[in-house]
Enquirer: 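Provided herewith is a single structure, encoded as C-alpha coordinates, for subsequent inquiry.
All chains are named by letter (A, B, ...) in the order of the sequence lines, taking the proteins before the strands, and each is independently numbered beginning at 1. Just so you know, these numbers use all the heavy atoms, side chains as well, and skip hydrogens, waters and symmetry mates.
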Amino acid sequence: QKEVEQNSGPLSVPEGAIASLNCTYSDRVSQSFFWYRQYSGKSPELIMSIYSNGDKEDGRFTAQLNKASQYVSLLIRDSQPSDSATYLCAVTRGSNYKLTFGKGTLLTVNP
Amino acid sequence: EAGVVQSPRYKIIEKKQPVAFWCNPISGHNTLYWYRQNLGQGPELLIRYENEEAVDDSQLPKDRFSAERLKGVDSTLKIQPAELGDSAVYLCASRPTQANTEAFFGQGTRLTVV
(Lines give C-alpha, C1' and ligand atoms only; values in the text may rest on other atoms or scores of the structure.)
Protein backbone atom coordinates (compact mmCIF):
# COMPACT_ATOMS: atom_id res chain seq x y z
CA GLN A 1 0.00 0.00 0.00
CA LYS A 2 1.36 3.36 -1.01
CA GLU A 3 1.80 5.95 1.71
CA VAL A 4 -0.37 8.56 -0.01
CA GLU A 5 -2.93 7.62 -2.65
CA GLN A 6 -4.91 9.80 -4.99
CA ASN A 7 -7.05 9.08 -8.02
CA SER A 8 -4.92 10.19 -10.94
CA GLY A 9 -7.96 11.36 -12.87
CA PRO A 10 -8.43 13.19 -15.04
CA LEU A 11 -11.31 14.80 -13.21
CA SER A 12 -13.38 17.00 -15.47
CA VAL A 13 -15.97 19.49 -14.14
CA PRO A 14 -17.88 22.32 -15.78
CA GLU A 15 -17.12 25.91 -14.88
CA GLY A 16 -18.97 26.96 -11.73
CA ALA A 17 -19.29 23.42 -10.37
CA ILE A 18 -17.72 21.96 -7.24
CA ALA A 19 -14.59 19.91 -7.77
CA SER A 20 -13.91 17.25 -5.16
CA LEU A 21 -10.42 15.80 -4.80
CA ASN A 22 -9.66 12.90 -2.49
CA CYS A 23 -6.60 11.49 -0.78
CA THR A 24 -5.98 8.60 1.58
CA TYR A 25 -2.87 7.90 3.59
CA SER A 26 -1.58 4.75 5.20
CA ASP A 27 0.36 5.93 8.26
CA ARG A 28 -1.81 6.64 11.30
CA VAL A 29 0.88 8.82 12.89
CA SER A 30 0.62 11.32 10.02
CA GLN A 31 0.16 14.75 11.51
CA SER A 32 0.10 17.45 8.85
CA PHE A 33 -1.70 17.47 5.55
CA PHE A 34 -1.27 19.70 2.54
CA TRP A 35 -2.73 20.35 -0.85
CA TYR A 36 -0.47 21.71 -3.55
CA ARG A 37 -1.48 22.90 -6.99
CA GLN A 38 0.87 22.33 -9.89
CA TYR A 39 0.37 23.88 -13.29
CA SER A 40 1.99 22.15 -16.23
CA GLY A 41 5.71 22.92 -16.32
CA LYS A 42 5.64 24.71 -12.99
CA SER A 43 6.61 23.74 -9.45
CA PRO A 44 4.06 22.83 -6.75
CA GLU A 45 2.37 25.76 -5.03
CA LEU A 46 0.84 25.37 -1.57
CA ILE A 47 -2.88 26.17 -1.49
CA MET A 48 -4.12 24.59 1.74
CA SER A 49 -2.79 23.04 4.93
CA ILE A 50 -4.81 21.27 7.62
CA TYR A 51 -3.64 19.86 10.91
CA SER A 52 -6.74 18.81 12.86
CA ASN A 53 -9.94 16.92 12.12
CA GLY A 54 -12.71 18.84 10.47
CA ASP A 55 -12.98 21.46 7.79
CA LYS A 56 -10.79 24.41 6.95
CA GLU A 57 -12.02 27.01 4.50
CA ASP A 58 -10.00 29.55 2.53
CA GLY A 59 -11.93 31.41 -0.13
CA ARG A 60 -13.24 28.92 -2.67
CA PHE A 61 -11.17 26.11 -1.18
CA THR A 62 -12.17 23.79 1.68
CA ALA A 63 -9.93 21.09 3.06
CA GLN A 64 -11.49 18.27 5.05
CA LEU A 65 -9.58 15.91 7.33
CA ASN A 66 -10.78 12.70 8.92
CA LYS A 67 -7.93 11.06 10.80
CA ALA A 68 -10.02 8.07 11.86
CA SER A 69 -10.64 7.22 8.22
CA GLN A 70 -7.17 8.40 7.15
CA TYR A 71 -8.77 10.58 4.56
CA VAL A 72 -8.24 14.14 3.43
CA SER A 73 -10.12 15.97 0.70
CA LEU A 74 -10.12 19.28 -1.12
CA LEU A 75 -13.28 20.95 -2.38
CA ILE A 76 -13.09 23.75 -4.91
CA ARG A 77 -16.29 25.73 -5.17
CA ASP A 78 -17.26 27.77 -8.23
CA SER A 79 -14.52 26.08 -10.24
CA GLN A 80 -12.80 28.27 -12.81
CA PRO A 81 -10.81 27.30 -15.91
CA SER A 82 -7.76 28.74 -14.12
CA ASP A 83 -8.16 25.97 -11.53
CA SER A 84 -7.20 23.43 -14.19
CA ALA A 85 -4.02 21.86 -12.85
CA THR A 86 -2.69 18.81 -11.03
CA TYR A 87 -3.50 18.75 -7.33
CA LEU A 88 -0.99 17.02 -5.10
CA CYS A 89 -1.82 15.70 -1.66
CA ALA A 90 1.11 15.65 0.79
CA VAL A 91 1.48 14.29 4.29
CA THR A 92 4.09 14.59 7.00
CA ARG A 93 4.72 11.53 9.11
CA GLY A 94 4.94 12.03 12.83
CA SER A 95 7.43 14.58 14.07
CA ASN A 96 10.21 13.86 11.62
CA TYR A 97 8.87 16.19 8.92
CA LYS A 98 9.20 13.63 6.13
CA LEU A 99 6.90 15.08 3.46
CA THR A 100 5.39 12.43 1.20
CA PHE A 101 3.34 13.18 -1.90
CA GLY A 102 0.67 11.34 -3.79
CA LYS A 103 0.79 11.03 -7.57
CA GLY A 104 -1.61 13.91 -8.03
CA THR A 105 -5.05 14.33 -9.59
CA LEU A 106 -5.36 16.18 -12.87
CA LEU A 107 -8.33 18.54 -12.78
CA THR A 108 -9.81 20.09 -15.89
CA VAL A 109 -12.44 22.81 -15.60
CA ASN A 110 -14.35 23.23 -18.82
CA PRO A 111 -15.68 26.69 -19.78
CA GLU B 1 10.95 37.73 1.31
CA ALA B 2 12.84 35.75 -1.31
CA GLY B 3 11.56 32.27 -2.02
CA VAL B 4 13.50 29.09 -2.61
CA VAL B 5 16.02 29.68 -5.37
CA GLN B 6 17.27 26.92 -7.62
CA SER B 7 19.72 26.92 -10.47
CA PRO B 8 20.05 26.17 -13.24
CA ARG B 9 16.45 26.12 -14.51
CA TYR B 10 17.29 23.80 -17.38
CA LYS B 11 20.16 21.47 -18.09
CA ILE B 12 20.85 19.21 -21.04
CA ILE B 13 23.76 16.80 -20.77
CA GLU B 14 24.99 13.68 -22.46
CA LYS B 15 24.78 10.40 -20.59
CA LYS B 16 27.75 9.54 -18.42
CA GLN B 17 28.47 13.23 -17.80
CA PRO B 18 28.27 14.78 -14.32
CA VAL B 19 25.71 17.42 -13.37
CA ALA B 20 25.05 19.50 -10.27
CA PHE B 21 22.04 21.42 -9.02
CA TRP B 22 22.05 24.19 -6.47
CA CYS B 23 19.39 25.29 -3.99
CA ASN B 24 19.19 28.25 -1.64
CA PRO B 25 16.30 27.82 0.81
CA ILE B 26 14.17 30.50 2.41
CA SER B 27 16.11 32.26 5.15
CA GLY B 28 15.60 30.61 8.51
CA HIS B 29 14.26 27.36 7.08
CA ASN B 30 16.29 24.59 8.65
CA THR B 31 14.61 21.72 6.81
CA LEU B 32 15.56 21.26 3.16
CA TYR B 33 14.22 18.65 0.77
CA TRP B 34 15.37 17.44 -2.63
CA TYR B 35 12.71 15.76 -4.74
CA ARG B 36 12.68 14.21 -8.19
CA GLN B 37 9.54 14.44 -10.25
CA ASN B 38 8.95 12.38 -13.36
CA LEU B 39 6.30 13.35 -15.88
CA GLY B 40 2.82 12.57 -14.61
CA GLN B 41 4.05 11.55 -11.17
CA GLY B 42 4.17 13.20 -7.78
CA PRO B 43 7.47 14.41 -6.32
CA GLU B 44 9.57 11.61 -4.84
CA LEU B 45 11.84 12.42 -1.94
CA LEU B 46 15.54 11.94 -2.56
CA ILE B 47 16.99 13.42 0.61
CA ARG B 48 15.97 15.59 3.55
CA TYR B 49 18.24 17.76 5.64
CA GLU B 50 17.74 19.15 9.09
CA ASN B 51 20.35 21.91 9.18
CA GLU B 52 23.49 20.26 7.78
CA GLU B 53 22.50 16.72 8.73
CA ALA B 54 21.01 14.36 6.16
CA VAL B 55 18.25 12.67 8.17
CA ASP B 56 16.41 10.82 5.41
CA ASP B 57 18.35 9.66 2.34
CA SER B 58 16.93 6.17 1.91
CA GLN B 59 15.62 7.01 -1.58
CA LEU B 60 18.87 8.55 -2.82
CA PRO B 61 20.65 6.27 -5.36
CA LYS B 62 23.97 6.52 -3.60
CA ASP B 63 25.98 4.87 -6.35
CA ARG B 64 25.62 7.95 -8.53
CA PHE B 65 23.87 10.64 -6.50
CA SER B 66 25.38 12.74 -3.76
CA ALA B 67 24.23 15.79 -1.86
CA GLU B 68 25.66 18.20 0.62
CA ARG B 69 24.56 21.09 2.80
CA LEU B 70 27.81 22.04 4.44
CA LYS B 71 26.80 25.15 6.40
CA GLY B 72 23.18 24.23 6.87
CA VAL B 73 22.00 26.82 4.36
CA ASP B 74 22.32 26.20 0.63
CA SER B 75 22.64 22.72 -0.82
CA THR B 76 23.92 20.97 -3.91
CA LEU B 77 22.75 17.74 -5.48
CA LYS B 78 25.10 15.96 -7.84
CA ILE B 79 24.73 13.10 -10.29
CA GLN B 80 27.80 11.35 -11.61
CA PRO B 81 27.55 9.76 -14.08
CA ALA B 82 24.12 10.68 -15.39
CA GLU B 83 21.93 8.07 -17.05
CA LEU B 84 19.07 8.47 -19.50
CA GLY B 85 16.61 7.55 -16.76
CA ASP B 86 17.71 10.51 -14.66
CA SER B 87 15.83 12.88 -16.95
CA ALA B 88 13.30 14.55 -14.67
CA VAL B 89 12.59 17.75 -12.78
CA TYR B 90 14.61 18.13 -9.59
CA LEU B 91 12.80 20.16 -6.98
CA CYS B 92 14.13 21.73 -3.83
CA ALA B 93 11.83 22.73 -0.97
CA SER B 94 12.34 24.19 2.48
CA ARG B 95 10.34 24.70 5.66
CA PRO B 96 10.92 25.80 9.24
CA THR B 97 11.70 22.94 11.60
CA GLN B 98 8.55 23.37 13.65
CA ALA B 99 5.33 21.49 13.84
CA ASN B 100 2.47 22.62 11.63
CA THR B 101 4.46 24.55 9.09
CA GLU B 102 4.42 24.41 5.32
CA ALA B 103 7.08 23.59 2.78
CA PHE B 104 7.73 25.88 -0.16
CA PHE B 105 9.25 24.86 -3.47
CA GLY B 106 11.74 26.41 -5.79
CA GLN B 107 11.17 26.58 -9.53
CA GLY B 108 12.97 23.32 -10.12
CA THR B 109 15.68 22.20 -12.52
CA ARG B 110 14.58 20.32 -15.60
CA LEU B 111 17.28 17.81 -16.49
CA THR B 112 17.43 16.15 -19.88
CA VAL B 113 19.98 13.41 -20.40
CA VAL B 114 20.62 12.53 -24.05
Enquirer: Is the number of heavy atoms from other residues, nucleotides or ligands under 6.0 Å of B:Asn24 CG greater than 12?
Expert: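 Yes, CG of B:Asn24 has more than 12 neighbouring heavy atoms, counting only those of other groups under 6.0 Å.
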Enquirer: Look up atom OG in A:Ser40 and atom CG in B:Leu39, then write down how far apart they are to the nearest 0.5 Å.
Expert: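 It is 8.0 Å, given to the nearest 0.5 Å.
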Enquirer: Would a hydrophobic clustering, with Ile, Leu, Val, Met, Phe, Trp and Tyr connected at side-chain separations under 4.5 Å, put B:Phe65 with B:Val19?
Expert: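 Same cluster: B:Phe65 reaches B:Val19 through Ile, Leu, Val, Met, Phe, Trp or Tyr contacts under 4.5 Å.
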Enquirer: Verify the neighbour count for atom NZ of A:Lys67: are there more than 12 heavy atoms of other residues, nucleotides or ligands below 6.0 Å?
Expert: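 Enclosed.
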Enquirer: Are more than 12 heavy atoms, taken from residues, nucleotides or ligands other than B:Lys16, located less than 6.0 Å from that residue's NZ atom?
Expert: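 Atom NZ in B:Lys16 is not packed in, count stays at 12 or less.
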Enquirer: Just give me the residue among A:Gly104, A:Gly41, A:Gly102, A:Pro44 that pairs up with chain B most often, heavy atom to heavy atom, under 4.5 Å.
Expert: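 With the most close heavy-atom pairs to chain B, the winner is A:Pro44.
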Enquirer: Taking B:Gly108's backbone N and O only, do any of them form a donor-acceptor pair with A:Ser43's side chain (distance below 3.5 Å, no angle check)?
Expert: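 Flag not set: sc A:Ser43 to bb B:Gly108 has no pair under 3.5 Å.
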Enquirer: How far does CZ of A:Phe34 sit from OG1 of B:Thr101, to the nearest 0.5 angstrom?
Expert: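 If I round to the nearest 0.5 Å, the distance is 6.5 Å.
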Enquirer: What do you reckon, is CD of B:Gln59 surrounded by more than 12 foreign heavy atoms closer than 6.0 Å?
Expert: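 No, CD of B:Gln59 has 12 or fewer neighbouring heavy atoms, counting only those of other groups under 6.0 Å.
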Enquirer: Tell me whether A:Leu106 is reachable from A:Leu11 by hopping between hydrophobic residues (I, L, V, M, F, W, Y) whose side-chain heavy atoms are closer than 4.5 Å.
Expert: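 As far as the 4.5 Å side-chain criterion goes, A:Leu106 and A:Leu11 are not connected within one cluster.
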Enquirer: From A:Gln38 CD over to B:Gln37 CD, what is the distance, rounded to the nearest 0.5 angstrom?
Expert: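 A:Gln38 atom CD to B:Gln37 atom CD measures 4.0 Å (nearest 0.5 Å).
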Enquirer: Considering all heavy atoms of both residues, which atom of B:Gly42 and which atom of A:Leu88 are nearest to each other, and what is their separation?
Expert: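 Closest heavy-atom pair between B:Gly42 and A:Leu88: CA-CD2, 4.0 Å.
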Enquirer: For B:Glu44, which atoms come within 4.5 Å of any heavy atom of chain A: side chain, backbone, both, or neither?
Expert: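 No part of B:Glu44 comes within 4.5 Å of chain A.
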Enquirer: Mind ranking A:Ala90, A:Ser49, A:Cys89 by heavy-atom pairs under 4.5 Å with chain B and telling me who comes out on top?
Expert: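 Sorted descending by pairs with chain B, the first entry is A:Ser49.
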Enquirer: Given side chains that start at C-beta, do those of B:Thr31 and A:Lys98 come closer than 4.5 Å, heavy atoms only?
Expert: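 No, side chains not in contact.
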Enquirer: With sequence neighbours excluded, tell me which residues meet salt bridge (Lys or Arg N to Asp or Glu O under 4.0 Å) with A:Glu45.
Expert: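 Result, salt bridge (Lys or Arg N to Asp or Glu O under 4.0 Å) vs A:Glu45: A:Arg37.
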Enquirer: Let me confirm one number: the CG-CG distance from A:Leu99 to B:Leu45, rounded to the nearest 0.5 Å.
Expert: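 Interatomic distance, A:Leu99 CG to B:Leu45 CG, rounded to 0.5 Å: 8.0 Å.
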Enquirer: Go through B:Arg110, B:Glu102, B:Gln41, B:Gln107 and name the one with the most non-hydrogen pairs under 4.5 angstrom from chain A.
Expert: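 Counting heavy-atom pairs under 4.5 Å, the top option is B:Glu102.
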Enquirer: Decide whether A:Tyr71 and A:Val29 are clustered together by the hydrophobic rule: side chain heavy atoms of Ile, Leu, Val, Met, Phe, Trp, Tyr closer than 4.5 Å, transitively.
Expert: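 No; tracing contacts between hydrophobic side chains, which count when under 4.5 Å, never links both residues.
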Enquirer: Can you confirm if the aromatic rings of B:Tyr35 and A:Tyr36 lie within a centre distance of less than 6.0 Å?
Expert: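 Aromatic pair excluded; centres sit 6.0 Å or further apart.
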